[in-house]
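Predicted, not measured: the structure shown is a model, and the values here were computed from it. Residue numbers begin at 1 in each chain, while the letters A, B, ... track the order of the sequences.
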Protein chains: 2
Amino acid sequence: MTPATPLESPLPDRSKPTIRSAKEQLILDAAEKVFAELGFKGATTSEIALRAGIPKANLHYYFPTKEALYRAVTENVLTAWLAAASSFDVNDDPAEALAAYIGAKMDMARTDPLGSKIWASEIMRGAPVIEDFLHTTLATWLASREAIIQSWINKGLIVPMQPRYLIYLIWAATQHYADFDHQITALNGSAPLDDAAFTTAKTQLITTLLRGVLNVAKSDT
Amino acid sequence: MTPATPLESPLPDRSKPTIRSAKEQLILDAAEKVFAELGFKGATTSEIALRAGIPKANLHYYFPTKEALYRAVTENVLTAWLAAASSFDVNDDPAEALAAYIGAKMDMARTDPLGSKIWASEIMRGAPVIEDFLHTTLATWLASREAIIQSWINKGLIVPMQPRYLIYLIWAATQHYADFDHQITALNGSAPLDDAAFTTAKTQLITTLLRGVLNVAKSDT
DNA sequence: GTCTATAATCGGATAGAC
DNA sequence: GTCTATCCGATTATAGAC
């Protein structure tokens, strides 16, 4: 595993939509599942090929090495992550901005739990592939959102706090529904949360966190 | 990996403190690190033996199979988890009980991040080893604490909510500092959080969550 | 109890036929 | 472009000397 080479080509050439793309996508989908379950080292190309329904050698034709395949999967995760991150910016009102961001992250945990698991697994092994991303794009994004939250604090809209620990809280709370979905399912009587239950969890999370950080009118002091 | 056999002997025989215990502990400590980083499948007995400073065959003398070693490590994690879980019960006041529990979980994330990572990794791969624990001990613990929180809601001490999503929020927020410590370190300028910063994170988390769920006096409505 | 040597298997990757 | 056959290193586990 080469360390910290910058990721390239987030959207790899859509000019030829379905010539080799079909099988590549088949492989990427299978790889996403296997990497999410077993991590980079635990995943095997045999297992990925098996789940994709192709011979192992065919997989190595499209993705020469296991690491190249892993990096391709990881790029997709980062792309999705950055899309959700922008939902922070659509509103100047802290309540609406935070609610939108928490909601977007919850929706991502619901629709793409595998991406969240791959992220978690990558971080837990020391982030060799996304290390550069952590120190550049993510650090920049975090700093700018800290500044926004700090401005809300200065205006008295948010209670005084360290903004970054609020961000960590949001990340943790939302990604938990993806990373630990097996545990949540087990504690739900072996049935995954249905849409109604998930909506309840999402609404309650937004309510609790907004109550926790929004400054109410100080008329009663 | 045999599925869902109940875990046995949480405290394996302390009558002979240091005859073979010394090397077993050496192996368990090394195994905890390697399993935390690489997961069950990604970890190798060679790597564990290397870090324990013993020949690989010697490891297999003390722990016949990789799975037996993994189960031993997992038992230690469960034991520690149950110890922290009891901190919920020491107090009848919701603010104090929740603060004590959140604080205990944060302290665990600080002192034993590896255990948290092993838990996360085990859940993400489908929990084959702790599945039984999830459906028995953990489900029972969750139900009893839900009942306690519900009683607080009935007394008007806590705002109306689904108690279990509050528990999930506490689990997620606290374990995040263990499971994602590499990311937090990267975003902290490549330096781990020092004790002061961690205390700030812990205090702020307690403050935010208590504000989010405690019912304030309704004198201003 | 401990370690060297090795068996048996698995996994990543490739050669070369089709 | 696709797949069968295979190489070779890595990995789990054991046999047997000390």
Side-chain angles (χ1 to χ4, degrees), chain A residues 1-3 5 12-13 15-74 121 125 128-129, chain B residues 1-3 5 12-13 15-74 121 125 128-129:
Chain A
M1 172 84 45
T2 59
T5 305
D13 191 7
S15 54
K16 297 261 191 173
T18 40
I19 297 181
R20 71 183 281 151
S21 308
K23 269 202 176 157
E24 272 184 354
Q25 197 55 49
L26 214 63
I27 295 168
L28 285 169
D29 288 348
E32 194 180 14
K33 289 179 193 157
V34 177
F35 283 129
E37 270 177 34
L38 301 171
F40 173 76
K41 193 152 181 241
T44 65
T45 53
S46 327
E47 175 69 17
I48 294 169
L50 184 73
R51 293 212 207 174
I54 61 168
K56 184 172 60 167
N58 199 354
L59 181 150
H60 277 96
Y61 169 74
Y62 288 106
F63 297 93
T65 68
K66 180 182 171 181
E67 176 173 340
L69 175 54
Y70 179 77
R71 296 180 80 91
V73 170
T74 305
S121 174
R125 74 185 184 121
V129 163
Chain B
M1 173 84 44
T2 58
T5 305
D13 189 8
S15 54
K16 297 260 192 173
T18 37
I19 297 180
R20 71 183 279 152
S21 309
K23 268 202 177 157
E24 272 182 357
Q25 198 54 49
L26 214 62
I27 294 167
L28 286 169
D29 288 348
E32 194 180 14
K33 289 179 193 157
V34 177
F35 282 130
E37 270 177 34
L38 300 170
F40 173 76
K41 197 152 178 246
T44 65
T45 53
S46 326
E47 175 69 17
I48 294 169
L50 184 72
R51 292 212 207 173
I54 60 168
K56 184 174 55 169
N58 199 352
L59 180 151
H60 277 96
Y61 170 74
Y62 287 105
F63 298 93
T65 68
K66 179 181 169 180
E67 177 172 341
L69 175 55
Y70 179 77
R71 296 180 81 91
V73 170
T74 306
S121 174
R125 74 186 184 123
V129 163

Which nucleotide sits closest to the side chain of His60(B): dA13(D), dC3(C), dG11(C)? dA13(D)
Rounded to the Å, how far apart are Lys41(B) NZ and dA10(D) C1'? 14 Å
Spacing between Glu47(A) atom CD and dG12(C) atom P, to the nearest angstrom: 11 Å
What nucleotide, of dG12(C), dT12(D), dA15(D), holds the atom closest to the side chain of Ser46(A)? dG12(C)
Rounded to the nearest Å, what distance is computed from the CD1 atom of residue Ile54(B) to the P atom of nucleotide dG1(C)? 13 Å
Going by heavy atoms in the side chains, are Phe35(A) and Leu69(A) under 4.5 Å from each other? yes
Can you tell me if Lys41(A) has over 12 outside heavy atoms packed within less than 6.0 Å of its NZ? yes
Answer yes or no: is there a side-chain heavy-atom contact under 4.5 Å between Tyr70(A) and Thr65(A)? no
So which one's nearest nucleotide on DNA chain D is more toward 5', Thr45(B) or Lys56(A)? Lys56(A)
Within the 4.5 Å heavy-atom criterion, are Ile48(B) and Lys66(B) side-chain neighbours or not? no
Length of the CD-C1' vector between Glu24(A) and dG1(D), whole Å: 13 Å
Please determine if a side-chain N or O atom of Tyr61(A) lies less than 4.0 Å away from the OP1 or OP2 oxygen of dG1(D). yes
Spell out yes or no: do the side chain of Lys66(A) and the base of dG11(C) have one donor N/O and one acceptor N/O closer than 3.5 Å? no
Which part of the nucleic acid does Ala43(B) contact within heavy-atom distance under 4.0 Å: base, sugar-phosphate only, or nothing? sugar-phosphate
Is the shortest side-chain N/O distance from Thr65(B) to OP1 or OP2 of dT12(D) below 4.0 Å? no
Rounded distance (Å) that lies between atom C1' of dT2(C) and atom CG of Leu26(B): 15 Å
Between P on dT14(C) and CG on Leu59(A), what's the gap in Å once rounded to a whole number? 12 Å
Electrostatic pair Arg71(A)-Glu67(A), nearest N-O below 4.0 angstrom: yes
Tyr62(A) side chain: which of dT12(D), dC3(C), dT2(D) is closest? dT2(D)
In whole angstrom, give the distance that lies between atom CG of Asn58(B) and atom C1' of dC3(C). 7 Å
Whole-Å distance separating the CG atom of Leu38(B) from the C1' atom of dT11(D): 14 Å
